Amino acid sequence: MGRAMRGYGGRVLFVDVTTGASRVEPVSETMARELLGGNGFAARLLLDHVPPGIDAYDPANAVIFAVGPVTDTTVPGNSRACVAGKSPLTGLFFDSTFGGRFPATMKRTGFDAIVITGRADEPVYVKVTEAGAELRPARSLWGQTTRDTVAALHAAEGGDVDVMAIGPGGERLVRFSAMGSYWKNREAFAGRGGLASVLGSKRVKAVVVAGTRKTEVADPVALKALLEQQREPLKTGTKALSTYGTPFLVKPINTLGALGSYNLRGEVFAEAVAISGEEMHAHMHARDTTCLKCPVACGKQYEIREGELAGLKAKMPEYETIFAFGSMLGNAHAGSLTRANDLCDLLGLDTISMGVTLAFVCEAVERGWLTERDLGLPFGWGDWRGMLRLIEMTAAREGFGDRLAEGAWRLAESVHPEGTRLVYAVKRLELPAHSARALKGMSIGYATATRGGSHHDTRPTPQYAQNFDRRSPEGKPEFAVRSQHFTAVDDSLVLCRFTSERGFGLYVDEPYARMVGAITGWDMTTEELERVGERVINLERLFNVREGVRRDADVLPWRVMHEPIPDGPSAGAYCPPEELDGMLDRYYALRGWDADGVPTRDRLAALDL
Ligand code: SF4
């Protein structure tokens, strides 16, 4: 490899927790330049190392933590990493990103990726330092919450290490379990896709990182000039985020008629103000929190000062969580959203999947498909006490919680022959709070997303701009392709979505090429960077095609395709099957995939794949 690559540790660490053996492989400059890091490295490694067709809980599945060239530099939002594997929820490629301090510390180990496979006999945690990996016993931590686990490992290993831990949900193989990290200034969660339960299946309670290696940057002067230039747009663009965090979105999106409510029967929530960022900030805000070296500080700590939940101090629920436990459940009790979020963090559950699964339950109860007897407690719209109890039961797989732990799609299949018609999910991943009906770019975006119902494959952000045509399918496949290239590049760099979108732009463009050039020393053009995005998307698609994904999997929730939004400012909007079909034809043609959604040899060859 010659001299050390700038922006990289230059090594991949493979750890087999069955035997405790580990090995190190170098990262070639070709791999780095073609895939950047993070998401790109994870896609390549998963395709190469995970055998096709295996169950997500098979010891041969891998959980990969990966950082990128931007991680631990001076770029705002640089402490970001991705964790990837075959998802037990979708059965497909999945990556989930997170911030806090862990990513920067992981970069300091000198490993750009850590690949964990196997299954330990007894609970362990994996400690990674510059010297490699070591397995340590974790039996005493099994059963503990994410926060207690992180605190115990900080006490055992020192305050400078960082810890990513699973909770009881991951241990009990809840298919949508999340993993979390805590540091004094900010907690960080990799929420989506259930990868925490893949760690749980390997009996890995936590991953601990410690290191001191510095990330060398090729041209610090050029990087500084770029950051100076973007300082003002970043500051202006993140003002609402800095003040309220993501809950600032509740009011404008409800005003647009695009805030899913009552399991998507509507997209306006009459009590949205009560659960808006402004209202919650006024009553519960205690302090701001931030990821390492980020000036935005979009995290907030809340304190409930009144009512029966008074005294609770916990992280603010994000916008997506407010949708999932609030409007989707017809629940306007703001304090209960904070408590639900806190419970999910502690127990290790994805808030979006949990809330959307409960929204299905509310509607199924109303239709008589599920009864109080099935659930073991009364539950319905707006019942936040029942909601909190069902969250606990899910993490413990206790009673009806055992069925909830399977996620909305599998639960619905077991409830009623037409159950899945009521489920807001794509590829079995429950959708977040950016409407698949009101935003036509999200319709094609969700249908073609590698992960399914994720708002981080195609981005909603550009679609909320005043001059964006949200209704027409015209130009939306082109938009989805471009947006997906951007998210793939962003997650490979790895950069926080908020600082990147608001500071450096919504698409792969010149500032990103300059950033990569300044860090790595490569003469990277925008066109070359755009091809990196396309390459990563194609690798992910190849993984999914190997698992059987074809055109018939690129669909939307039944309700999105058959029931127009009934009322409000976006009334009438939906995406009927024939419209989706037309967009898919165009999307596949743009991608150089065949009519069934399979990448063609020619396109793969053009991408050096
Ligand atoms: S904008 Fe928020 S999530 Fe992103 S790095 Fe800063 S504090 Fe972390």
Side-chain angles (χ1 to χ4, degrees), residues 37-39 66-83 95-107 162 164 178-192 215 227 230-249 277 280-281 285-302 314-322 341 345 350-352 432-433 454-456 459-461 486-487 489-506 511-512 515 519:
N39 182 180
V67 290
V70 167
T71 316
D72 204 27
T73 62
T74 50
V75 181
N78 71 77
S79 186
R80 196 101 196 148
C82 108
V83 56
D95 62 323
S96 186
T97 68
F98 60 94
R101 191 181 68 171
F102 183 107
T105 307
M106 176 178 155
K107 183 77 172 276
D162 277 293
M164 180 54 92
M179 59 185 95
S181 186
Y182 297 78
W183 162 58
K184 66 179 164 55
N185 284 333
R186 176 98 214 223
E187 54 300 275
F189 278 80
R192 307 231 66 197
T215 294
L227 300 186
Q230 308 301 134
R231 192 183 305 276
E232 215 35 56
L234 177 66
K235 199 171 163 200
T236 317
T238 52
K239 205 163 181 300
L241 261 178
S242 282
T243 312
Y244 302 112
T246 55
F248 86 88
L249 289 167
M280 294 209 285
H281 188 271
H285 180 264
R287 69 182 177 100
D288 295 344
T289 61
T290 195
C291 302
L292 188 68
K293 291 188 280 185
C294 176
V296 179
C298 75
K300 315 287 164 206
Q301 280 288 320
Y302 278 179
K315 179 179 168 290
M316 157 201 89
E318 301 288 347
Y319 166 64
E320 314 297 337
T321 306
I322 295 171
N341 186 67
D345 283 357
D350 173 21
T351 58
I352 299 173
S454 165
H455 57 300
H456 281 289
R459 288 297 288 156
T461 313
F486 162 71
T487 55
V489 166
D490 214 30
D491 293 346
S492 300
L493 286 173
V494 182
L495 196 46
C496 166
R497 192 79 82 235
F498 301 145
T499 53
S500 58
E501 284 189 338
R502 288 163 172 86
F504 301 92
L506 297 162
Y512 294 101
M515 190 189 297
I519 293 171

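Numbering starts at 1 and runs along the sequence shown. Read the numbers this way: they start at 1 and go in the same order the structure lists the ligands and their atoms. The analysis underlying the following values was restricted to heavy atoms, covering all of them including side chains, and did not include hydrogens, waters or symmetry mates. Please read all numbers here as calculations on a predicted model, not as lab measurements.
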S.K.: In ligand 1, which numbered atoms sit nearer than 4.0 Å to a non-hydrogen atom of Arg186?
M.R.: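 With Arg186 as reference, the close atoms of ligand 1 come out as 2 (Fe), 3 (S), 7 (S), 8 (Fe).
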S.K.: Taking the side chain from Ser79 and the backbone from Gly99, do they hold a donor-acceptor pair closer than 3.5 Å?
M.R.: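 Not at all, since once roles are kept as given, no pair shorter than 3.5 Å links the two residues.
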S.K.: Sorted by chain and residue number, which protein N/O/S atoms are under 2.8 Å from atom 2 (Fe) of ligand 1?
M.R.: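 Result, waters dropped: Cys298 SG.
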S.K.: Are the side chains of Thr246 and Cys298 in contact, using a 4.5 Å heavy-atom criterion?
M.R.: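 SC-SC contact between Cys298 and Thr246 ruled out.
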S.K.: With a cut-off of 6.0 Å (strictly less than), are more than 12 heavy atoms of other residues, nucleotides or ligands near NZ of Lys235?
M.R.: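 Open: at most 12 neighbouring heavy atoms sit under 6.0 Å from NZ of Lys235.
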S.K.: Can you confirm whether Thr243 sits close enough to Phe248 that some side-chain heavy atom of one is under 4.5 Å from a side-chain heavy atom of the other?
M.R.: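 Thr243 vs Phe248: side chains apart.
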S.K.: Is any side-chain heavy atom of Leu506 less than 4.5 Å from a side-chain heavy atom of Arg459?
M.R.: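 No, every pair of side-chain atoms sits at 4.5 Å or beyond.
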S.K.: Check this for me: does any side-chain nitrogen of one of Arg80 and Asp491 sit under 4.0 Å from a carboxylate oxygen of the other?
M.R.: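 Result for this pair is no, no salt bridge flagged.
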